[in-house]
Amino acid sequence: MPFLALYYAQNGMSASQIGLLSGLLPLVTLVSAPLWGGLADATQRHRPVLLLAMAGSIVAVAALSQTSGLRWLIPLVILNAFFLAPVIPLVDNTVLTMLGDRRSLRTPAAHRRRSGGPDGADGAG
């Protein structure tokens, strides 16, 4: 979320406060993404977990937009990072599940084979 730093600056945050808030996202993601993935895999309910994560992130971002004090921003940024962490991997899982048997047609290697790229039928590479 590249524009959050500008939002923080617009709300009068110092450079060190912006750095703290920006650094929370990868830190929380490092811990929470495996938890979400484990939950989705253990329950085999990837879509409902995705919807929960997206809803949580929406609520956190809505709350972020209504506050400007560092005391409130820190927990809201952590909450947003917690819910945002699994979204892209779960979307990837949903797409691959929807592709089913056709998933091999959508890989970069399959595309190179069809287009005659480095791994293609022309023998180059």
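Just so it is clear, the values below take in all heavy atoms, side chains as well, and ignore hydrogens, waters and symmetry mates. These numbers were taken from a predicted model, which means no experiment stands behind them.
The CG atom of Leu24 sits 10.5 Å away from the CG atom of Leu73 when rounded to the nearest 0.5 Å. We find the CG-CD1 distance between Asn11 and Ile18 to be 9.5 Å, quoted to the nearest 0.5 Å. Rounding to the nearest 0.5 Å places OG of Ser57 at 11.0 Å from CG of Leu52. Rounded to the nearest 0.5 angstrom, Leu39 CG and His46 NE2 are separated by 9.0 Å. Taking CG of Asn80 as the reference point, atom CG of Leu25 lies at 7.0 Å (rounded to 0.5 Å). One finds the CZ atom of Arg47 at 6.0 Å from the CE atom of Met98 (value rounded to the nearest 0.5 Å).
By the 4.5 Å heavy-atom criterion applied to side chains, Phe83 and Val61 are not counted as neighbours. Leu21 places none of its side-chain heavy atoms less than 4.5 Å from the side chain of Leu4.
The two atoms that bring Leu70 and Met13 nearest to each other are N-CE, 3.9 Å, heavy atoms only. Heavy atoms only, all atoms of each residue included: Leu90 and Ala40 are closest at CD2-CB, 3.8 Å. Across every non-hydrogen atom of Gln17 and Ser14, the tightest pair is OE1-N, 2.9 Å. Closest of all the heavy-atom pairs between Thr29 and Ala81 is OG1-O, 4.1 Å. Closest approach of Pro86 and Pro89 over heavy atoms only: O-CD, 3.3 Å.
Proximity of a side-chain donor or acceptor of Tyr7 to a complementary backbone N or O of Leu64 within less than 3.5 Å is detected. Side-chain N or O atoms of Ser22 include none that pairs as donor or acceptor with a backbone N or O of Gly19 at under 3.5 Å. Trp72 places no side-chain N or O within donor-acceptor distance of the main-chain N or O of Gln66, the cut-off being under 3.5 Å.
Taken together through direct or relayed side-chain contacts under 4.5 Å among Ile, Leu, Val, Met, Phe, Trp and Tyr, Ile74 and Phe82 form part of one hydrophobic cluster. Hydrophobic clustering keeps Leu84 apart from Leu51 (ILVMFWY residues linked when any side-chain heavy atoms are closer than 4.5 Å, directly or through intermediates).
Within 6.0 Å of CG on Leu6 lie more than 12 heavy atoms contributed by other residues, nucleotides or ligands.
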